[in-house]
Protein chains: 2
Amino acid sequence: MDAYRSGENKVITIYDIAKEAGVSASTVSRVLTNNAHVRNEKKQRVLELIEKYDFKPNAMARGLSDTRSKVIGIITADIRNPFYADVFVACEVAAQKAGYTVMLCNALGERMQEEKLLEKLQEQRVDVVIQMGGRVDDLVSDASYVEKVNKLMNNIPMVVTGKLDGTQCYQVRIDAMKCIDLLMEHLIELGHREIALIGGRMNVLSTFEKFQRYKQNLSRYKIAFKEALTVEDGGYDYETGYARMNKMLDQGIRPTAVIAINDFAAVGIVRSIQEHGLGIPQDISVVSYDNTYVSELVSPKLTTIDYNYESFGEQLIETAIASIEGGENPKLQLIPPTLIVRGSSGKVPEIIG
Amino acid sequence: MDAYRSGENKVITIYDIAKEAGVSASTVSRVLTNNAHVRNEKKQRVLELIEKYDFKPNAMARGLSDTRSKVIGIITADIRNPFYADVFVACEVAAQKAGYTVMLCNALGERMQEEKLLEKLQEQRVDVVIQMGGRVDDLVSDASYVEKVNKLMNNIPMVVTGKLDGTQCYQVRIDAMKCIDLLMEHLIELGHREIALIGGRMNVLSTFEKFQRYKQNLSRYKIAFKEALTVEDGGYDYETGYARMNKMLDQGIRPTAVIAINDFAAVGIVRSIQEHGLGIPQDISVVSYDNTYVSELVSPKLTTIDYNYESFGEQLIETAIASIEGGENPKLQLIPPTLIVRGSSGKVPEIIG
DNA sequence: GTGAAAGCGCTAACAC
DNA sequence: GTGTTAGCGCTTTCAC
């Protein structure tokens with residue numbers, strides 16, 4: 001018994017349908033695509049047979065003949081990260097509405113993988129690729145990746161959630177500066193002036209932007225910048241938040257509020273603060289970015305930044321489709337964030353130890 | 001300016017390569033597939049041109065001609081759930097090793113979606129589909145879905161992480177009974193006899209199995225079954241854990257250990273216990289299933305069940321590929337779980353209130 | 001409105 | 001070894 005016995009049940013083609021319906025294949029194709037008028041009587045006969053045989057047109061054949069696969073390739077840095085999972089799902093929904101299929105490729109957090117995935121998507125002849133995270137987050141774009149993308153873009157347009165200097169990629173990106181503005185305004189309104197920044201790497205565009213804007217905001221509010229309140233380099237995970245906060249508190253540095261680079265880091269920070277016998281938000285407020293479900297899993301729940309994932313996904317897909325179908329779109333679009341206030345942030349403590 | 005201007009940069013085909021290399025298209029094809037010997041000199045010339053033009057063979061054309069797309073379709077109940085994300089990633093890695101591409105379709109937690117996704121994958125002519133969660137978790141398989149799958153399986157084999165009665169699907173599923181055995185043995189060794197079960201729905205196969213086995217184990221250890229310690233029906237989320245545990249404690253029911261249906265429910269349970277002024281594990285031990293990163297996010301970290309996602313994914317993919325290529329595989333394979341002991345479980349308290 | 005025929009880019013069977 | 005040829009299943013002119 002070799003292979004899957006497809007012989008048993010021959011897969012139906014439009015020719016089979018055509019033959020049995022007593023029409024030509026073109027006619028069947030016409031009812032399939034709805035691109036031309038077919039006499040109603042024939043149309044019905046064809047439709048019935050399609051139903052009868054549970055016929056599904058071969059997407060590959062279709063893609064081959066009209067050179068449009070109707071699939072959107074999506075590269076994520078790591079789908080296990082709920083941020084990407086949320087955006088991806090939003091994209092999938094939006095794509096489906098528009099009659100497109102998405103194909104997810106996951107870089108597993110390894111930047112080396114990204115080039116390979118690009119090739120894979122190219123082989124699949126996706127109509128457009130969307131890249132979320134990874135190399136497109138770089139403050140300084142990797143030259144060899146840029147070259148790769150430029151080659152790809154001879155045939156396939158690309159939209160990214162960050163940037164890629166030296167390419168013509170469409171950018172649909174979260175307004176990082178606005179994010180930190182919201183967080184800082186919120187904290188300053190609550191009376192905080194000792195605001196720490198924890199997590200993230202400065203070679204990541206959004207992190208860099210947040211850091212710059214943080215300093216600008218401080219001076220706008222006439223607050224002195226303190227090196228000790230910002231941790232130069234870290235990751236985006238629980239461990240980073242936990243370790244950095246521990247270090248800060250152990251050194252006797254005592255911010256009244258902490259901005260975590262994302263929800264994961266925030267959880268680590270929360271843990272560290274609580275283990276030091278301090279209360280949130282009575283002693284220290286903690287806020288973060290992303291509004292993933294993680295932000296509702298900790299106690300207290302996190303004040304965080306939301307992006308409206310649904311419309312983020314829609315905009316990504318809309319831009320992607322416009323780029324294939326010739327619509328006009330600005331090269332750069334910014335997603336407006338909103339503040340979600342929960343229990344982790346509160347008024348600055350009256351007396352500071 | 002209409003559509004993406006692919007005209008600017010004609011996409012290269014094997015004919016272009018063949019022409020410039022002064023060979024036939026078949027020769028180019030041969031070096032591409034490595035299926036036959038080509039004189040080294042020609043081979044080199046072709047390879048150079050492929051490099052020069054960054055040529056990538058069209059996967060659709062390839063799939064059309066050999067009627068094997070080399071893509072594995074994967075349906076998940078919800079990729080935002082880290083359990084599925086972990087399994088999916090493991091599958092992707094395994095598939096890539098085997099020269100296959102995966103295509104993820106997400107049912108968004110809506111069972112109605114699953115049939116549509118099946119159709120979509122059928123159109124894409126995936127070689128095999130793997131379904132994780134959703135309808136294949138049902139204790140009693142949905143008849144109309146079974147019918148759909150049986151039609152599909154005339155042409156495309158299918159492997160599921162649960163079961164689908166009345167179909168010939170391959171099953172690669174977690175050994176649910178062994179899971180609860182591990183958990184209960186662990187707890188009983190620690191001296192627990194008042195063990196609660198929280199979360200999950202009885203119409204879900206794995207949950208049902210766990211419940212049955214729970215009762216069997218109790219009687220094996222000569223522990224009386226108490227209705228009050230098991231909550232008939234719930235979900236798989238934080239809220240379920242939180243609400244059910246609250247209810248139990250508020251009613252004065254005081255287990256010394258709780259088995260949560262998954263890490264999310266466990267977090268809710270932990271929260272509830274802590275809010276009741278009780279300690280974990282001093283007063284109550286909490287254990288759960290899945291070993292997602294959530295289990296390391298709570299404090300104390302959770303004792304939980306792990307499945308070795310990597311090998312789970314490999315087995316899924318291996319079975320999938322065997323089913324297309326004609327390998328022999330048992331219809332049902334069980335994934336052995338392992339126990340991960342962390343801080344949330346400890347010895348039963350000496351004196352029980 | 002509808003059929004015939006060409007072609008999308010590749011693989012594989014067949015000759016030489 | 002290598003070129004020629006015939007499809008794979010669909011869409012799309014082009015006639016009629």
Side-chain angles (χ1 to χ4, degrees), chain A residues 3 6-7 10-47 49-50 53 55-71 99 122-127 155-156, chain B residues 3 6-7 10-46 49-50 53-71 99 122-127 155-156:
Chain A
S6 55
K10 171 174 182 317
V11 6
I12 304 291
T13 71
I14 52 170
Y15 289 103
D16 302 313
I17 302 284
K19 195 173 174 189
E20 189 163 340
V23 300
S24 75
S26 343
T27 299
V28 177
S29 173
R30 284 181 188 111
V31 348
L32 244 29
T33 55
N34 245 324
N35 275 339
H37 281 262
V38 172
R39 201 191 310 160
N40 221 310
E41 176 201 351
K42 295 192 176 182
K43 189 170 181 173
Q44 286 314 315
R45 238 185 302 156
V46 169
L47 251 17
L49 289 169
I50 287 178
Y53 291 111
F55 167 74
K56 299 281 177 295
N58 183 327
M60 288 185 294
R62 188 172 262 180
L64 232 207
S65 79
D66 69 3
T67 60
R68 279 279 141 86
S69 63
K70 284 286 204 178
V71 358
Q122 202 171 351
E123 286 185 9
Q124 295 293 333
R125 294 293 189 272
V126 298
D127 289 341
N155 307 305
I156 307 177
Chain B
S6 55
K10 172 173 182 314
V11 4
I12 304 292
T13 72
I14 51 170
Y15 288 103
D16 302 313
I17 302 284
K19 195 173 173 190
E20 189 163 340
V23 299
S24 76
S26 347
T27 299
V28 177
S29 174
R30 284 181 188 111
V31 349
L32 246 27
T33 55
N34 245 325
N35 275 340
H37 282 260
V38 172
R39 200 191 312 158
N40 222 309
E41 177 201 349
K42 296 192 175 182
K43 190 170 180 173
Q44 286 314 315
R45 239 185 300 156
V46 168
L49 289 169
I50 288 178
Y53 291 112
D54 195 35
F55 167 75
K56 298 279 177 297
N58 183 328
M60 289 185 292
R62 189 173 261 180
L64 234 206
S65 78
D66 68 3
T67 60
R68 280 278 142 87
S69 63
K70 284 287 207 177
V71 358
Q122 202 171 350
E123 286 185 9
Q124 296 293 332
R125 294 294 189 271
V126 298
D127 289 340
N155 307 305
I156 307 178

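In what follows, chains carry the letters A, B, and so on, assigned in the order in which the sequence lines appear, proteins first and then strands, with residues in each chain numbered from 1. Please read all numbers here as calculations on a predicted model, not as lab measurements.
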Side chain of A/Y15 (C-beta onward), nearest among D/dC10, C/dT2, D/dG1: D/dC10

As a test of reading the structure: which of D/dG3, C/dC10, D/dG1 is closest to the side chain of A/R125, going by heavy atoms? C/dC10

Look at the side-chain N and O atoms of A/K42 and state whether any lies under 4.0 Å from the OP1 or OP2 oxygen of C/dT2. yes

When you measure from the side chain of B/D127 to the backbone of B/R68, do you find a donor-acceptor pair of N or O atoms at a distance under 3.5 Å? no

B/N40 atom CG is separated from D/dT2 atom C1', nearest whole Å, by 15 Å

Mind checking if B/T13 touches a base, just sugar-phosphate, or nothing, with heavy atoms under 4.0 Å? sugar-phosphate

Between P of D/dC8 and CE of A/M60, the distance in whole Å: 13 Å

Between A/K19 (NZ) and D/dG9 (C1'), how many Å, whole number? 16 Å

Using the rule given for side chain to side chain contact (heavy atoms under 4.5 Å, CB included), can you reason through B/L32 versus B/I50, listing the C-alpha separation, both sets of side-chain angles and the distance that settles it, and then say yes or no? CA-CA 10 Å; B/L32 246 27; B/I50 288 178; 3.6 Å; yes

Does A/R62 have a side-chain nitrogen or oxygen under 4.0 Å from the phosphate oxygens OP1 or OP2 of D/dT11? yes

Side chain of B/S69, backbone of B/R125: donor and acceptor closer than 3.5 Å? yes

Using whole Å, report how far CZ of B/R30 lies from P of C/dC10. 15 Å

Closest listed nucleotide, where the reference is the side chain of A/N58 and the choices are D/dT2, D/dG9, C/dG9: D/dG9

A/Q124 atom CD is separated from C/dG9 atom P, nearest whole Å, by 16 Å

Send over the distance from B/D66 CG to C/dT11 C1', rounded to a whole Å. 7 Å

I want to check one thing: is the phosphate of C/dT11, taken as OP1 and OP2, less than 4.0 Å away from some side-chain N or O of B/S29? yes

Output the rounded distance in Å from CD1 (B/I14) to P (C/dC8). 12 Å

Nearest-neighbour nucleotide for the A/A61 side chain, C/dG1, D/dC10, C/dT2 considered: D/dC10

Across the strands shown, which category fits A/T27 at heavy-atom distances under 4.0 angstrom: base, sugar-phosphate, nothing? sugar-phosphate

With the side chain of B/S26 defined as its heavy atoms from C-beta on, choose the nearest nucleotide among D/dT12, D/dC10, C/dA12. C/dA12

Side chain of B/N35 only, heavy atoms from C-beta on: which candidate in D/dC10, C/dG9, C/dA12 is closest? C/dA12

Begin with the C-alpha distance, continue with both residues' side-chain angles, and end with the deciding distance and a verdict on side chain to side chain contact (heavy atoms under 4.5 Å, CB included) for B/T27 and B/K43. CA-CA 8 Å; B/T27 299; B/K43 190 170 180 173; over 6 Å; no

How long is the line joining CG of B/L32 and P of D/dT2, in whole Å? 15 Å

Check every strand shown and say whether A/V28 touches a base, only sugar-phosphate, or nothing at a heavy-atom separation below 4.0 Å. nothing

Closest to the side chain of A/L64, out of C/dG9, D/dT2, D/dC10, is C/dG9

Take A/E123 and B/N58, measure what side chain to side chain contact (heavy atoms under 4.5 Å, CB included) needs, and give me the verdict at the end. CA-CA 5 Å; A/E123 286 185 9; B/N58 183 328; over 6 Å; no

Counting side-chain heavy atoms from C-beta on, which of C/dG1, D/dC10, D/dC8 comes nearest to A/F55? D/dC10

So, is B/S65 close to the C/dC10 phosphate, meaning a side-chain N or O under 4.0 Å from OP1 or OP2? no

5' precedence on DNA chain D between B/A36 and B/T67 (nearest-nucleotide basis): B/A36

Sole candidate of A/V11, A/V46, A/D16, A/I14 that passes side chain to side chain contact (heavy atoms under 4.5 Å, CB included) when paired with A/F55: A/I14

